[in-house]
Amino acid sequence: MRIRRGVRGLRQLLYAGLNAMWPTIEATANRQILTYEITTYSLRQRASESERGGRIATEQYRFMDVEACRFLTDCAERTGTAWTEPVEDIARMALAMIDGLVLRWLVDRNGDFIVAELDDVAGIIAARAVDQP
């Protein structure tokens, strides 16, 4: 794939990355459900003031935050763009949207809907960047 410069190229690169990730999610539906179950269990433990409660969820999301920040930073560097907000904040927002899409897909298994929504997510993320001079 030829990578274009600027915000337009960033949006295309983000979409390509999101779109490339999606088949893995579809192929691991049961693992996705298990991940939500483990997260919910961990949060329930934290709510009951368990000594280790919430640690699993916290570590899981910390790992995803780090990987998302790397991906977003790499995409910006490759396209000659800069984020207008801290990349950590953009990563959190992007992951929250993806979490919602995965959960929705687990409910209705409408893959066509997801493909269109991934393009919208790429646009929302790219809107938080500007071309670098």
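Computed over heavy atoms, backbone and side chain alike; hydrogens, waters and symmetry mates excluded.
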TODO: Kindly indicate whether the side chain of Leu103, heavy atoms from C-beta on, has any atom under 4.5 Å from the side chain of Gln32.
DONE: no
- [ ] Could you check if a side-chain atom of Ile114 sits within less than 4.5 angstrom of a side-chain atom of Val102, using non-hydrogen atoms only?
- [x] no
Open item on the list: For the backbone of Val7 and the side chain of Thr81, can you confirm whether one donor and one acceptor N or O come within less than 3.5 Å of each other?
Closed with: no
Open item on the list: With rounding to the nearest 0.5 angstrom, report the OG1 to CG distance, Thr28 to Leu34.
Closed with: 10.5 Å
Task: Polar side chain donor-acceptor pair, Thr39 to Gln60, under 3.5 angstrom - done: yes
- [ ] For Asp99 and Tyr61, test the side chains for any donor-to-acceptor distance below 3.5 angstrom and give the result as yes or no.
- [x] yes
Task: Test item: Thr73 side-chain N/O and Arg70 main-chain N/O as donor-acceptor pair under 3.5 Å - done: no
Open item on the list: Can you tell me which residue among Asp120, Val115, Val121 is in a side-chain contact (heavy atoms from CB on, under 4.5 Å) with Tyr15?
Closed with: Val115
TODO: Measure the spacing between OG1 of Thr35 and CD1 of Ile56 and express it to the nearest 0.5 Å.
DONE: 11.5 Å
TODO: For residues Phe63 and Thr58, determine if any side-chain heavy atom of one lies less than 4.5 Å from a side-chain heavy atom of the other.
DONE: no
Task: Salt-bridge criterion met for Asp74 and Arg78 (N-O under 4.0 Å) - done: yes
Task: Side-chain heavy atoms of Glu117 within contact of Arg104, under 4.5 Å - done: no
- [ ] For residues Asp119 and Arg11, determine if any side-chain heavy atom of one lies less than 4.5 Å from a side-chain heavy atom of the other.
- [x] yes
TODO: May I ask you to test the Arg2-Arg4 pair for a side-chain heavy-atom distance under 4.5 Å?
DONE: yes
Task: Non-hydrogen side-chain atoms of Glu88 and Asp65 separated by less than 4.5 Å - done: no
Open item on the list: Check whether Trp83 reaches the backbone of Asp89 with its side chain - one donor and one acceptor, N or O, closer than 3.5 Å.
Closed with: no
